[in-house]
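Below you'll find the structure, written out as structure tokens, and then a few comments.
Within every chain, numbering begins at 1; the chains are lettered A, B, ... in the order of the sequence lines, protein sequences first and strands thereafter.
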Amino acid sequence: MTDLTIKKPLAPIYLLYGTESFIIKHLKEKIIHVALSHDERAFNLGVYDMNEEPLDLALEDADTLPFMGEKKVIIIENPLFLTSDPKKQNVEHNMDKLAAYLKQPSPTAVCIFIGEFEKLDKRKKIVKQLEEAADVRECVALTEEKLYRWLQEEAEKQQAYYTKEAHELLMAMVGDDLAILTNEMQKLALYVGEGGTIDRHVVEQLASRTLESNVFTMVNRIMERKLEDAYQMLEDLLKQKEDPIKLAALVTRQIRLAFQAEVYRREGYSQSQVASRLKLHPYAVKMAWKQGERLGRERLKRALIFCADMDDALKTGKIDKVIGIQMLFERMASL
Amino acid sequence: MSYQALYRVFRPQSFRDVAGQEHITRTLQNALAKDKFSHAYLFSGPRGTGKTSVAKIVAKAVNCEKAPVSEPCNDCAICKGITDGSLQDVIEIDAASNNGVDEIREIRENVKYAPSLARYKVYIVDEVHMLSQGAFNALLKTLEEPPAHVIFILATTEPHKIPPTIISRCQRFDFKRIPLVAIEARLNEIVEKKGIEVTGRAIELVAKAGEGGMRDALSILDQAAAYGDGKVTEEDVLEVTGMVSRQLLTDVMSAVQKGDLASGLQIVNDILSEGKDPERFLEDIIFYYRDMLLYQAAPELDSIKDRMITDETFVELSKQTDPESIHRAIRLLSDIQQDMKRSGYSSIFLEMAIVRLIEAPKGKQNETTFQEAEWIKQIRQLEERVKKLEQKPSSDVSEPEPSVQRRLPKRPSAKTVSVNHQQVHAVLKNAVKEDLKELRRAWPTIMEKIRKMNVAAHAWLLESKPVASSQEAFLQSFKYDFHCQMVVENKNNAMQMVEEIIFELTGKRKKMLPIPHKQWEEIRAAFIKTMEAEGEMAAAKQEETDPLIVEAEKLVGPDLLEIRD
């Protein structure tokens, strides 16, 4: 699990890598924040892209003394020489020099290696040496529990409270992209103000829904026979110039997911098994699971037949696209 | 001063004037008051919901001389400068016409420089979804590390066209469609301020016609006021929005409901003589039915409000008609609409539509939906399959050859097609002239059906024809060996398909024996010889199989035909 804390004294070398770029960025900012004051950034922060500049240059910079300050921060981006990526690099990097530097890092510099790749090539000697010398943080997607805590902290920065219920709804509406979630949280916290509580209602009001979550809710409304809401949502989506065929396909997909989840549930599979079988995000499965359980297999199956029927009619031009979808909704609601 | 459109005069200048977006204005006000605003915002929502207005208010609030404030004062030099667009530090860009990389690069160059008068440079990029891919990438770089004195506000009506990389760097606000009541409230306010006289449900109609957008609603109010010379009546609004022409539609619908064919057709006649487009009118009828469907399920839906207000018949009709027949009507009309598009006589189709709508309830049993038709077809197919299975054991005993022949197909010799001479001769011996005629007559229909079911099979069968038929089987001659081979190998189940269609059409179950044309000629010649040798009616045989004569027979019937050699 990624350690997200950065404390003084700073390590002379950091290695941040992984697929969750938002966390990498977060850690980088934290390190810079601890090392440099705002004014020092102008002359004690060096950024080197290894795709364009040789490593030598960065190390030389690290060895020179900071200007008007105690520390300097050297950021080394795209160190592909740490991976097994066979892509030919147009810049030569001197590995011996790096090995020497790792043995005796400059006391006044903080070097941050930043790689937005999944894996290090641990067979390489230089990687082993770096792992020994550096504070290594692998930045991977947060677990559900960690994610909740992360957002909670974000809310607390603005003295707002964040309920677990709201969290579930937010995840359902926004997805699991950490950067977007963090942005949403700042927005929600601002809305409720200091001492306010972010609950389901607030999230419902303010969070920016993804198309998938819109479709999910729409399907629920249809099946609950709340056609008024469903029609209204459809109209709003069409107004955003979403393609009707795409919407019909997404509605079908959602019903199919719920149907699949329900079939697996009856067979005794667990949610996580279903997620890996269907190659879907656990949240999507969780939602489909609930939906399937509530609606039942038979109803979903019949709804699915209606969808297939309408799909044919829409694509062969037998019927106006929007009217076709509205008829489909009416049909499914009458099940 | 020249006339200014209402929506420009009444563009909201402070958060409290913004209609229907409380959740957004409150969040922004909190952020502004605490000086915690973000450096990039994305405003998305339908047109006329206040995106650009809010963007401008934000620009004023951050730069207002009294900042941090939660509302701009609209009084200081800076606020005024932003309102009339003279302040250089608030830059409005229409991405629809400046969508290239170069324009965005220019922005990137310029963001570095500090604002001249205000505290923040505010870039308002409207219609941001119109940017090109390259331009988005260029913008991304700037959004990643914006200078502290810059705020970006991106506005769009189509958020799904914005790359996720951009979205994740912005604080996103979704502007909602403004509720009908909120539009009405604002309209009333404006009407009062402007001293416009309104009567009846005019405001309600204007609000509806705005479809959730304030700007559209105000434009319509503007037009209606100009039309009615400063007074707005219900009729004026109907006139301006084109809702008035609906009377004829209502008349048609009630004629249909009553089953009054004569007056229904009369109205259609009137419509056509007025020069209205029949296609358009048919579409209107479809939408009328659609709205009935919506009304039944969701009587409170905003988008059908206008029908409810202007058309009493609508509510009545909706209550009287059951959903099933609405579905049927829409399907029927959509079909007719398709035909209409392909025909030059669209007015005839419109009349036909009226006739069929009125007659539809009578023929209820015959009208089936796609779904039902599909089921019926499936049931029929199953029935046939069962029958076939029942027949199988007996046919296996009497004729073991066919199944053997069918399982032979993997033979590598593609050139020579295997023909079971025994079976062919059996057919020729027992050939029935009437059967062949029947088959030939049905052949075009059969081909049509096959084309719908399987294009490949249709292609193979295209250059082939039935040449002889007995009670149990028929010979199919193929011009090209390859086609024959494909059918013999029973690719795509071509054989069964043909056999089943024949069964469907004629009620006779016949086996198909494909044969290449050359072989057929040889066999026929040989057969005729043997027949002649046996002194049988060889001439008749030949005559029967001559395609020219058969064709002539098809045209004029056998009675008028005289055959001379």
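- If you measure heavy-atom distances from A/M185 to chain B, you find no contacts under 4.5 Å at all.
- Annotation for B/H149 and B/K112: closest pair CE1-O, 3.5 Å, computed over non-hydrogen atoms.
- Of all heavy-atom pairs spanning A/L238 and A/P244, the tightest one is CD2-CG, 4.1 Å.
- Minimum interatomic distance between B/I326 and B/Y289 (heavy atoms only, all atoms of both residues): CG2-O, 3.5 Å.
- For chain B, the nearby parts of A/I319 are the backbone and the side chain; heavy atoms of each come within less than 4.5 Å.
- Ranked by non-hydrogen atom pairs under 4.5 Å with chain A, the options B/A33, B/G45, B/P159, B/S44 are led by B/P159.
- Without hydrogens or angle criteria, A/K187 side chain to B/R172 main chain gives a donor-acceptor distance under 3.5 Å.
- The distance from atom CG of B/L293 to atom CD1 of A/I323, rounded to the nearest 0.5 Å, is 9.5 Å.
- Comparing B/K176, B/H160, B/K34 by heavy-atom pairs within less than 4.5 Å of chain A, the highest count is held by B/H160.
- B/D126 and B/K51 are not joined by a salt bridge, as no carboxylate oxygen comes within less than 4.0 angstrom of a charged side-chain nitrogen.
- If you measure heavy-atom distances from B/Q171 to chain A, the contacts under 4.5 Å come from both the backbone and the side chain.
- When heavy atoms are compared at a cutoff of 4.5 Å, B/P299 approaches chain A by way of both its backbone and its side chain.
- In this structure, A/G324 and A/L314 approach most closely via the heavy-atom pair CA-CD2, 4.1 Å.
- Salt bridge status for A/K25 with A/E20: absent, with no side-chain N to carboxylate O gap under 4.0 Å.
- With chain A as partner, the option from B/S38, B/G212, B/A297 having the largest number of non-hydrogen pairs under 4.5 angstrom is B/A297.
- To the nearest 0.5 Å, atom OH of residue A/Y191 and atom CG of residue A/L206 are 7.0 Å apart.
- Highest contact tally toward chain A, considering only B/E211, B/E283, B/K161, is held by B/E211 [criterion: heavy-atom pairs under 4.5 Å].
- Contact count versus chain B (heavy atoms, under 4.5 Å) is highest, among A/Q186, A/E184, A/E242, A/Q205, for A/E242.
- For A/R225, no part sits under 4.5 Å from any heavy atom of chain B, backbone or side chain.
- With a 4.5 Å cut-off on non-hydrogen atoms, B/F173 touches chain A through its backbone and its side chain both.
- For A/V322, the part sitting under 4.5 Å from any heavy atom of chain B is the side chain, from C-beta outward, and nothing else.
- A/Y162 pairs with exactly one of A/E154, A/Q152, A/H167, A/E153 by the side-chain hydrogen bond (donor to acceptor under 3.5 Å, both in side chains) rule, that one being A/H167.
- Remark: B/D216 engages B/R47 in a salt bridge, criterion side-chain N to carboxylate O under 4.0 Å.
- Between B/K341 and B/E279 there is no salt bridge, since no side-chain nitrogen of the basic residue lies less than 4.0 Å from a carboxylate oxygen of the acidic one.
- When heavy atoms are compared at a cutoff of 4.5 Å, A/Q232 approaches chain B by way of both its backbone and its side chain.
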Could you walk me through whether A/E224 and A/D229 satisfy the side-chain contact (heavy atoms from CB on, under 4.5 Å) test, starting with their C-alpha distance in whole Å, then the side-chain angles of each, then the deciding distance to 0.1 Å, before giving a yes or no?
CA-CA 10 Å; A/E224 288 159 7; A/D229 295 352; over 6 Å; no

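- In terms of non-hydrogen atom pairs under 4.5 Å with chain B, the most contact-rich of A/V202, A/D236, A/T182 is A/D236.
- Proximity to chain A at a heavy-atom threshold of 4.5 Å picks out B/I24, B/R26, B/T27, B/N30, B/A31 from residues 24-31 of chain B, in numerical order.
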